[in-house]
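Just so we're on the same page: letters track the sequence lines, and every chain starts at 1.
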Protein chains: 2
Amino acid sequence: MTTAAGTEEKIKAAAREIFLKKGFAATRTRDIAEHADINIALLNYYFRSKEKLFQQIMMETLSTFFGSLLQIFMDRESALQTKFEQCASQYIDLIKQQPDIPMFILSELRAQPEAFVQSIAGNARLKDLVIYEQIVAEMDEHQQKAFDPVHIMINVMSLTLFPFVARPMLQTIGAVNPSEFDDLMEKRKQLIPQWIMEMLK
Amino acid sequence: MTTAAGTEEKIKAAAREIFLKKGFAATRTRDIAEHADINIALLNYYFRSKEKLFQQIMMETLSTFFGSLLQIFMDRESALQTKFEQCASQYIDLIKQQPDIPMFILSELRAQPEAFVQSIAGNARLKDLVIYEQIVAEMDEHQQKAFDPVHIMINVMSLTLFPFVARPMLQTIGAVNPSEFDDLMEKRKQLIPQWIMEMLK
DNA sequence: GTCTATAACGTGATAGAC
DNA sequence: GTCTATCACGTTATAGAC
């Protein structure tokens, strides 16, 4: 019952790093074990199987990814533009620290269509969010009803997350070089809210 | 030497479908063979190895994906807004037919950082494109120099491609339901160019 | 709890008959 | 060209000693 100093967490840290980088199928338990300075037997002792370990990592990652966002979206006090600013700023900071998160979630969610549905949703549907009401109100005020408000939500996510997801491609086609990518994203913290507000007018 | 009626193409079609859906690591040659109604031996007879087959699929996919785009971007006759319209329209049509293309390219490009560099780039760097010049000119005209023109290129791609990439996630969080997704993307053919032009003012 | 050794299995690839 | 049968290997998972 007595767990050696942080062994379990050490394994999880290694698993997180490798799963996030290579995805479930391309990851070998050997790599995780080696990276955590233990052996495969111990990995299975703690987590029973590669699959179980993966699910745990996935759940925690989803929680990190959606958790902070949900608070912003449900705040009844803050103005709409403030929400967009917080959202862009917070996401860009989070993903700078763990750049593989978006790609990981998107690609593993594609592979396992239904496995994680209840862990994400279950609670809130998009149209129940405070931010969604605010978008609708803002569009009404400008007699702007030319399109579905869902586009706005999609755009916030697109403009924020896509650059991280597409980073290898963007570098390959020479759109950005590695050193200036961070500055570019820093600047987008300010630009994205502006662009989005403009779309509502 | 005599190839049986379309066997090679039949295998490639099956490989394309499965590789695009599951990626290299998660795909088994057995699945491809079964799907093509042949056996593994024949697959290796034609393509020597899983890796070789994959590379062929990848090259063709990259060519499909970037080929048509490059023509639009290099056209000296068409106006900037026209380019954005063509780009959004053409891409959305293309990806509607093969919805897995963007995710496939992005995730496999991450896995194989340098393998396909020369096949994509080699020819044109972003800043040599006609469209890039036009964006710079348009921003000058509006005394709009508040940000790097590269943001605009990134935004076109983000707004167009991200919804496809994030489709499983968007459905999971109840942002869109499967039946209305196509309509949403159809509408974006018109919206994206408008949004982008607005950003330049 | 942690290790070594090994079992059990799945996968990519080939040999050889037709 | 296409098949069946099989090999060779890598991987996950477990048994059992410490």
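Between B:Ile40 atom CD1 and D:dC9 atom C1' the separation is 15 Å, expressed in whole Å. If you take NZ of B:Lys10 and P of D:dG1, they are 14 Å apart, rounded to a whole angstrom. Taking atom NZ on B:Lys22 and atom C1' on C:dT11, their separation rounds to 13 Å, with Å as the unit. As a whole-Å value, the separation of B:Leu53 CG from C:dA13 C1' is 14 Å. Distance, A:Phe54 CZ to D:dT11 C1': 17 Å, rounded to whole Å. For the pair B:Glu34 CD and D:dC3 P, the interatomic distance rounds to 13 Å; values are reported in whole Å. Residue A:Phe47 contributes atom CZ, which lies 18 Å from atom C1' of D:dT14 at whole-angstrom precision. Counting to the nearest Å, the P atom of C:dA13 and the CD atom of B:Glu51 are 8 Å from each other.
Checking C:dG12, C:dT14, D:dA13 against every side-chain atom of A:Lys50, the shortest atom distance belongs to D:dA13. Among the nucleotides D:dC3, C:dT2, C:dT14, the one closest to the side chain of B:Asn44 is C:dT14. Considering only the side chain of B:Ser49, C:dA13 comes nearest among C:dA13, D:dT12, D:dC3. The side chain of B:Leu42 approaches D:dG1 more closely than any other nucleotide in the set C:dA13, C:dT2, D:dG1. Taking the side chain of B:Arg30 as heavy atoms from C-beta on, and the options C:dC3, D:dC3, C:dT11, the nearest nucleotide is C:dT11. Of the candidate nucleotides D:dA13, D:dG1, C:dC3, D:dG1 has the atom nearest to the side chain of B:Tyr46. Proximity note for B:Asn39 (side chain, C-beta onward) versus D:dT11, D:dT4, C:dC3: the nearest is D:dT4.
OP1 or OP2 of C:dT11 has not a single side-chain nitrogen or oxygen of B:Thr29 nearer than 4.0 Å. Taking 4.0 angstrom as the limit, B:Thr7 places a side-chain polar atom (N or O) nearer than this to OP1 or OP2 of D:dT2.
Ion pairing between a basic and an acidic side chain is recognised when a charged N comes within 4.0 Å of a carboxylate O; B:Lys145 and B:Asp140 show such pairing.
A donor-acceptor contact shorter than 3.5 Å is absent between the side chain of A:Asp75 and the backbone of A:Gln71.
For the pair A:Pro163/A:Met185, a side-chain contact is recorded, criterion being any heavy-atom separation below 4.5 Å from C-beta on.
Counting non-hydrogen atoms under 4.0 angstrom, B:Leu43 reaches nothing in the nucleic acid.
Geometrically, B:Lys50 engages B:Phe24 in a cation-pi contact defined by less than 6.0 Å to the ring centre and at most 45° from the axis.
Side chain A:Arg28 to base D:dG10: no donor-acceptor pair is found below 3.5 Å.
The ring of A:Phe73 has its center no closer than 6.0 angstrom to the ring center of A:Phe66.
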